[in-house]
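Nothing fancy with the numbering, it's 1 onward along the sequence. Order of appearance sets the numbers: ligands from 1, and atoms from 1 within every ligand.
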Amino acid sequence: MATDLPFPRQYGTELLVISRGRGVWLKDIAGKKYLDFAGGIAVNALGYGRSDLARVAAQQMRKLSHVSNLFTTEPALALGRLMLATGPYKFASVFFGNSGTEANEAALKYARLYSLRTRGPGHDRLLCFDNGFHGRTLGALSCTPSAKYQEPFQPLLPGVSVAPYNDVDALEQALDTHVAGVIVEVLQGEGGMRTMTPEFARALNERCRKTGSILIADEVQTGMGRTGFFYGSEAVELEPDIITLAKPIAGGLPLSAVLIPEKVHCLIHYGEHGTTFGGGPVTTAVAAKVWQLVSQPAFTERVRSRGELLRNELEAMKTRHKNVGAILGRGLLQGFEYTGGEVKDFLARLQAAGLLALRSGINVVRLAPPLIISEAEISKGVQIIEEALE
Ligand SMILES: Cc1ncc(COP(=O)(O)O)c(C=O)c1O
């Protein structure tokens with residue numbers, strides 16, 4: 001544990017100092033092993049110690065590491081083409097950024113551009129939902145309606161409305177032609193693990209089609225197989241105009257992507273949005289390898305069956321423990337309400353017992369292991385959780 005830190009405070013007063021990892025296991029500097037059900041906050045989809053990814057990164061570093069957004073590179077072109085060729089949604093282009101929040105910033109800007117250029121001024125509002133989380137830069141933070149994140153940074157972006165999640169009637173009221181963009185998660189990974197209902201997805205599709213508002217699916221946490229579907233939107237038949245991706249995209253390197261439809265792509269002028277580092281050759285070379293692996297149908301099917309096992313084991317655990325409430329989530333992004341006290345104290349107990357997990361909302365324990373986890377490792381993780389409940 002390190003307490004004397006050279007960083008601004010971010011999460012806790014004490015930080016585990018992790019030195020290496022292999023598969024779904026991590027080791028700290030004292031040599032203690034942890035089964036990782038946190039996955040670097042849903043980033044490390046392919047697990048740790050990947051020599052295939054390391055080889056791609058090292059080769060690309062030797063060849064060319066950066067050229068800026070004044071030029072492009074073969075890995076960026078190859079990744080972009082690969083992403084656009086992957087269904088089921090149809091996109092015309094990809095913007096590469098460096099983080100989830102940056103992808104959402106770009107998506108919100110694109111929604112405003114589209115609105116301005118198709119309808120003129122006065123249709124620039126943004127709509128988000130309670131308990132949503134879209135990032136910590138000022139635009140994305142303005143669409144993250146939680147006092148904890150927003151309060152010290154007021155005033156935020158004007159023109160943002162918040163509607164209740166999964167409330168079809170309230171959506172009718174909140175989503176009108178003044179709204180340029182609607183940003184939503186199909187599974188609220190940070191805000192309590194609620195999943196979007198198919199009825200709400202249908203209402204979002206229909207309402208956005210009617211008002212001309214751009215529907216942005218923030219799949220930073222749910223995208224690329226995590227839910228047992230390649231895009232989490234597929235599970236509820238959401239039809240987003242734009243999808244944002246980040247966390248698992250480049251095997252732990254910082255990269256994000258905004259998938260842009262033709263109707264928006266054709267209206268973006270040169271220089272209206274950009275970033276120096278986004279889509280560099282090293283991150284995109286690694287991301288192409290990751291994409292090839294996780295976009296195989298067999299990979300997502302395997303996540304789905306592992307997710308079912310996790311769900312069954314958590315449901316069984318719930319019957320044996322009064323401190324376990326609802327089982328939430330989908331695929332390998334699941335969790336449970338914990339009613340035995342503060343979740344952070346329970347997570348500390350798990351850590352001491354050799355399992356890393358996450359919090360979601362106030363009272364939910366969130367599990368997001370690497371997607372390559374085996375059945376035996378899932379059972380082992382649930383066993384550690386169950387022992388910690390006793
Ligand atoms: C749904 C969602 N959107 C956006 C973000 C922000 O991503 P980043 O931390 O990479 O900026 C997160 C991070 O947890 C997230 O879960």
Check whether the side chains of Asn98 and Thr275 place a donor and an acceptor atom closer than 3.5 Å, and report yes or no. yes
Is any side-chain N of the basic residue among Arg119 and Asp124 closer than 4.0 Å to the acidic one's carboxylate O? no
Which protein non-hydrogen atom lies closest to atom 16 (O) of ligand 1, naming both residue and atom, and how far is it? Gln221 NE2, 2.7 Å
Positive for side chain to side chain donor-acceptor pair (under 3.5 Å) with Gln221, one of Lys247, Arg226, Glu190: Glu190
So is Ile41 touching ligand 1 or not, going by heavy atoms under 4.0 Å? no
Should Arg306 and Glu375 count as an ion pair when the cut-off is N to O under 4.0 Å? yes
In terms of atom number and element, which parts of ligand 1 are under 4.0 angstrom from non-hydrogen atoms of Gly100? 7 (O), 8 (P), 10 (O), 11 (O)
What protein heavy atom is closest to atom 14 (O) of ligand 1, reported as residue, atom name and distance in Å? Lys247 NZ, 3.0 Å
For ligand 1, which atoms, with element, lie under 4.0 Å from some heavy atom of Ser99? 10 (O), 11 (O)
For the residue pair Asp28 and Tyr34, what are the closest heavy atoms and their distance? OD2-OH, 2.8 Å
Which atoms of ligand 1 sit under 4.0 Å from any heavy atom of Asn104? 3 (N), 4 (C)
Which residue and heavy atom of the protein sit nearest atom 11 (O) of ligand 1, plus the separation: Thr101 N, 2.9 Å
Nearest protein heavy atom to atom 8 (P) of ligand 1: under 4.0 Å? yes
Per-atom filter on ligand 1: closer than 4.0 angstrom to a heavy atom of Asp218 are 1 (C), 2 (C), 3 (N), 4 (C)
So, for Phe133 and Tyr149, is the gap between ring centers shorter than 6.0 Å? yes
Is the closest N or O pair between Glu102 and ligand 1 shorter than 3.5 Å? no
Please give me the minimum heavy-atom distance between Ser93 and Leu84, naming the atom from each residue. N-CD2, 3.8 Å
